[in-house]
Amino acid sequence: MKRNTGWYNNRFFPWMVPIVFVLLWQVLGHYKIITSTLLPTPLEVFQAAIRLFNTGDLQEHVLISTQRALIGFFIGGIIGFVLGLFNGTIIFFEKLTDTTIQMIRTIPHLALIPLVILWFGIGESAKIFLVAVGVMFPIYINTFNGIKNVDRKLIEMGSVYGLSRWKLFTNVILPGSLPSILVGIRYALGVMWMSLIVAETIGADSGIGFMATNAREFMQMDIVVLTIVLYAILGKLSDVIAKLFEQRLLKWNAAFSKK
Amino acid sequence: MFNIELKDVRKSYGDNEVLRGIDLSIEQGSFTAIVGKSGCGKSTLLRLIAKLEDVSKGMLSFSGEEANEPKIRIMFQDDRLLPWKNNLKNIALGAVNLAAAKESLEKVGLIDKQGDWPDQLSGGQKQRIALARALASNPDILLFDEPLGALDALTRLEMQKLIEGLWKQQQFTSLLVTHDVTEAVQLADRVIVIDSGRIQLDETIDLPRPRVRNEKFTYYERKILNEILGG
């Protein structure tokens, strides 16, 4: 493949649009074209971040949100992965549960909120439950499909070469389905933050979502915008980490290897 | 070492009988080629011997001095290398240990590619890795399912030489399915023509090795080709 040597092919170019956007926003706010009660300038948002950082509130809320997100992600992710694994490899389990899972999957998981509040109240378990449910399905589907789409010819080769079931799984089926599983993980990371935002906005006494609702009540626009920026940063950060995993685990695949 | 014995072997898929009574005995250490038009059942026969499929009727047995089962390996038309393992580890899949894998890789002349991914190799090189993987386990029987069909003419000649050399060296029983009559006469001691699921011709190739394309070579070639086209 031809190596792209255009002037736009460098690390900084993709950041042009966001940088210009922020600068424009600052300038428009600074000259009062946008009133700061409607939308605070980036500088004001940044100052709010510093203020909250100094009181320690910022770290505390980000930490608690991240904790909820990760716990929910691990619970939902493991359930989804194990279900996908069993249903992808053992026909009996597929026949038994796949239809049911596909049916439940079509329910938007955020529609469960009223039910979840009745079950768990507005404590920690409600938020973790919502994140776990949201994360479970993309990981289930991608694990299941990944396993189903492993090249049959490679599996046949494995059986000719006398691989045991376990060796066939670790050498052929799992690595063969890994690209698809990682796509599921990346997608699930997005769902994870989204579920958490909604859960925290509805009822919480800590976390980023609580910061936002609390600031809204006191008309602290700078903090409201700050929470949105925080979610953007956390979302991007988890995507970058997932991408690093892809590059490490899929370096045999030309589409993922770093050039 | 094992002989392969087939007695009235039949294979059907539903109502479609692909093999209609094959009687064949293959001697240990021999090189046999099976040729025929596409759809004649030659690949099915190979898959039965590899135990990838079950015989519908008849008997398929392996007899030898040892009581255990023969070690059977196949070289497929496509290389079937695992893209997520480097070349050496792909070979190690069939080997008892890494040293055996390395030795096998050396035999096919690609030891300097051991750390590369399979996708970095050419088609011919990939098939050489696949051959090394098959040989690494010291198979009793090696089945070739048109492994050179997708290669260019020059690479194919090279591979034929390599296969012949390694066969002479390791003395495994070889069974080559091909549609290339010249390749069959070049490599095999015995060429079997299959048509519509039956053996139509069983010809012993009495030519010294290494084989040159002389008059006798052409005689065998023409005889087999006529049998295939005439049938």
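Residue numbers begin at 1 in each chain, while the letters A, B, ... track the order of the sequences.
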For [X], is the [atom1] atom crowded, meaning more than 12 foreign heavy atoms sit under 6.0 Å from it?
X	atom1	value
B/Glu27	CD	no
B/Lys89	NZ	no
B/Lys7	NZ	no
B/Lys51	NZ	yes
B/Asn97	CG	yes
B/Lys57	NZ	no
A/Phe92	CZ	no

Taking 4.5 Å as the heavy-atom cut-off, does anything in residues 158-188 of chain A contact chain B, and if so which residues?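 Within residues 158-188 of chain A, the residues under 4.5 Å from chain B are A/Ser159, A/Val160, A/Tyr161, A/Leu163, A/Asn171, A/Val172, A/Pro175, A/Gly176.
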From [atom1] ([X]) to [atom2] ([Y]), nearest 0.5 Å:
X	Y	atom1	atom2	result
A/Trp252	B/Asn86	CH2	CG	13.5 Å
B/Leu81	A/Leu154	CG	CG	8.5 Å
B/Phe76	A/Glu156	CZ	CD	5.0 Å
B/Met75	A/Met157	CE	CE	13.0 Å
A/Leu249	B/Trp84	CG	CH2	13.5 Å

Atom group of B/Ile72 that falls short of 4.5 Å from chain A, counting heavy atoms: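 The backbone, not the side chain.
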Name the region of B/Ala130, side chain, backbone, both or neither, that has any atom closer than 4.5 Å to a heavy atom of chain A. backbone
